[in-house]
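Just below is one structure, and these are the notes that go with it.
In what follows, chains are A, B, ... by sequence order, proteins preceding strands, each numbered from 1.
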There are 2 protein chains.
Amino acid sequence: MVTIYDIAKKANVSAMTVSRVINNSGKIKETTRKKVEQAIKDLSYVPNSAARSLISNQTKTLGLLLPDISNPFFAKLARGAEDKALELGYRVLLCNTDEDAAKEMNYIDMVLSARVDGVLIAPTCDQSLEQIDRLSDHGIPVVLIDRTIEGFQGDYVLGDSYEGSRKLMEHLISLGHHNIAFINGPSNVSTARERLRGYLETLKLNALPIYEHYISEIDFKNVQSGATKKIIEQLLCLEPSKKPSAIFAANNFIAISTIKALKELGLQVPDDISVVCFDEVEPVVYFDPFFTVASQPAQEFGKIGVQFLIERLSGGYQEDERKVVLSPDILIRKSTRSL
Amino acid sequence: MVTIYDIAKKANVSAMTVSRVINNSGKIKETTRKKVEQAIKDLSYVPNSAARSLISNQTKTLGLLLPDISNPFFAKLARGAEDKALELGYRVLLCNTDEDAAKEMNYIDMVLSARVDGVLIAPTCDQSLEQIDRLSDHGIPVVLIDRTIEGFQGDYVLGDSYEGSRKLMEHLISLGHHNIAFINGPSNVSTARERLRGYLETLKLNALPIYEHYISEIDFKNVQSGATKKIIEQLLCLEPSKKPSAIFAANNFIAISTIKALKELGLQVPDDISVVCFDEVEPVVYFDPFFTVASQPAQEFGKIGVQFLIERLSGGYQEDERKVVLSPDILIRKSTRSL
DNA sequence: TCATTTTATGTTACCGGTAACATTTTATGA
DNA sequence: TCATAAAATGTTACCGGTAACATAAAATGA
């Protein structure tokens, strides 16, 4: 591999002069600069980031930890993050945690070892705090995206799950639905708690009863293995007057598996049952907007997250924590109908 | 930041001994190992990859260059790649080229500077060869995914675009469609050429005429800006007997914009016109399989690609180039109908 | 018991850059 | 013309690890 010394030799100058040319620092005679630049071109030299990192103590690299890049919501988020990182001269290391705390822990080790300058993370659960603290202990700034954690100190960018939940519920109630089941994500994730809060509060505000058996929890892996069907079956077993006329799915993946299960059980959406959820179901939405959703600006999460992160790590922002909570858009489409 | 010297001092040994404990190399007395491990834990030391890279001349990092992570096809591919990389102890740097040769070039500089051990790339076009050669010149192995390039020397993993195209066309023809329009991607991408070849050949084999005005090209950016509509409008302007009864969209994004345009023009799929395409339209397919597609194993592309790449860079495989061409699955669903 | 292995640990130099300081060259002005 | 400032370039040491070699400590055996 070509080093700065090879260039120096070829251009008949010292390595330091080459370094100055590359970094445009110090005073360099025009003829020398030309010579050096020619040598760089001739030998197609590219500086070694590792060597630079060792001195500068920064890698110009960010860690991006999210559950699963093949979930369009997180893919959009990642895209926003990568775009902003590129714009600001940073690289992105991609990590899929699969909502798995153990995987997450290993990735934290990895990014620590990689000496990333900062970490953008959608934590798997509240227990992630311990791992995040390890990052902070090492002086690595962390920005949370999509989810927060109780006791976390620092910036975050999330959607307003409570508000979205409130509005989706109000929409269903306004359509005449009183028996609304709620299939939530794991309650050790902040979004799930907030969505539940919105669900319960809206029922209360509308003087509607809360049925415990309407509320269920399902995690990422069980959604993937099709366990949603069991939950739906149980809901459909209820006595006719208690049978839900609508289902509030806490996210797009749950919604998809819900629709699939309903279909397998011979039920049509929205004719037999209405369904709402969080997050767009991309890219269908572009040609056949079907789901009534609380749409979140995923790409913005990523962009703002990286912006905050880099402001922190470059010392450009030292003030209080910035907690950004973006409102979701409620998009009423074809998965809900009036009773 | 805690270094190996801090550990050495704390444990009252030399830095070398600490290094040996960490890497499990050489002979270490059990009591010494314990002491060192305790110190590592106490100071929560994590080795600095940059320093290691400098000596070992490897970064355990791969570059992943693809058009756009928010395209579910590439997201799946990325997921497969990242999974395999993790399994084999490698990290992944994510790069979105947006089918833009200039962006691609900058990323090549970036991965060169980052001294990645290898690069997995879905090149933007045939002209990418020059950039890829720069990587090879620096001794960095490259594996192509999804697309190949004329004159490229090395491994690749792609789908069989020709075969998929042949089968989609045969399907349409078997349904009685003779007037089939083809909206292709840019012809400087190998997949587009192969799909066109399949299109033309199938018509020929079935003794059907080839109409030049049935064939059009559209690039990524124009698809996003909605330019598909103009193409569709022109197709619908043709005299009744020449009006296409089916459209072959070269990829899922083109298919989506096609359906959208058709809808805006008041046409129903498949009642008024049939549509087929390459690649699944995720995640709709899980609950409402609509598109008749040539489905490609994107995740496998990523996995095999990384596997090949790491075999190359670790010197485990030195034989001839491996050209893997995976057959697509033809899945007949609801976007096509018999005439 | 003491030379000889074997085992355990330490020293030095280097990977490829750059900060800090040193030195040489050129320009400036009295 | 020559002291002096300014400009251009060079030297040295270090960032945090580890390979290669050196040495000390413990184990072995005749």
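The side chain of Met16(A) sits closest to dT18(C) out of dG17(C), dT18(D), dT18(C). Distances were taken from every side-chain heavy atom of Ser14(B) (C-beta onward) to each of dT11(C), dG17(D), dT18(C); the shortest belongs to dT11(C). Side chain of Lys27(B), nearest nucleotide from dT18(D), dT9(C), dT7(C): dT7(C). When distances are taken from the side chain of Leu54(B) to each of dT18(D), dA8(D), dG16(C), the shortest belongs to dG16(C). Proximity note for Asn48(A) (side chain, C-beta onward) versus dA8(C), dG17(C), dA8(D): the nearest is dG17(C). Residue Lys29(B) has its side chain nearest to dT9(C) when only dG17(C), dT9(C), dG17(D) are considered. Closest approach to the Tyr5(A) side chain among dT9(C), dT18(C), dT18(D) is made by dT18(C) (side chain taken as heavy atoms from C-beta onward).
What separates CD1 of Ile7(B) from P of dG17(D) is a distance of 9 Å, to the nearest Å. Nucleotide dA19(C) holds its P atom 11 Å from the CD1 atom of Ile4(A), rounded to whole Å. The nearest whole Å value for the distance from the CG atom in Asn57(B) to the P atom in dA19(D) is 13 Å. At whole-Å resolution of the value, CD1 in Ile55(A) and P in dG16(C) are 13 Å apart. One interatomic measurement links the two molecules: CZ of Arg52(B) to P of dG17(D), which rounds to 8 Å at whole-angstrom precision. In this entry the distance linking CD of Gln58(A) with C1' of dT18(C) reads 13 Å, nearest Å. Atom CG of Asn12(B) is separated from atom C1' of dG10(C) by 13 Å (rounded to the nearest Å). Rounding to whole angstrom units, CE of residue Met1(B) and P of dG16(D) are separated by 9 Å.
No contact: Ser25(A) has no heavy atom under 4.0 Å from any strand. Within the 4.0 angstrom heavy-atom criterion, no nucleotide atom of any strand lies near Ser56(A). Residue Asn23(B) is classed as a sugar-phosphate contact, given heavy-atom separations below 4.0 Å to backbone atoms only.
Side chains of Glu104(B) and Thr124(B): a donor on one and an acceptor on the other come within 3.5 Å. Side-chain atoms of Asn24(A) and Arg33(A) include a donor-acceptor pair closer than 3.5 Å. Side-chain contact, Asn23(A) with Ser25(A): no donor N or O sits under 3.5 Å from an acceptor N or O.
Between Arg91(B) and Glu82(B) no salt bridge is recorded (no basic side-chain N to carboxylate O distance below 4.0 Å). Electrostatic pairing of Lys10(B) and Asp6(B) does not count as a salt bridge here, judged by no charged N lying under 4.0 Å from a carboxylate O.
Nucleotides of DNA chain C nearest to Thr31(B) and Ala51(B) differ in position, and the one nearer the 5' end is that of Thr31(B).
Judged by distance alone with a 3.5 Å cut-off, no donor-acceptor contact links the side chain of Arg115(B) to the base of dG16(C).
In terms of phosphate contacts, Ser19(B) brings no side-chain nitrogen or oxygen within less than 4.0 Å of OP1 or OP2 of dG17(D). For the OP1/OP2 pair of dA8(C) and a distance below 4.0 Å, the side-chain nitrogens and oxygens of Arg20(B) include no atom meeting the criterion. The side chain of Thr17(B) contributes no N or O atom lying less than 4.0 Å from OP1 or OP2 of dT9(C).
Remark: Arg322(B) is not positioned above the aromatic ring of Tyr156(B), lacking an NZ or CZ atom under 6.0 angstrom from the ring centre and at most 45 degrees off the axis.
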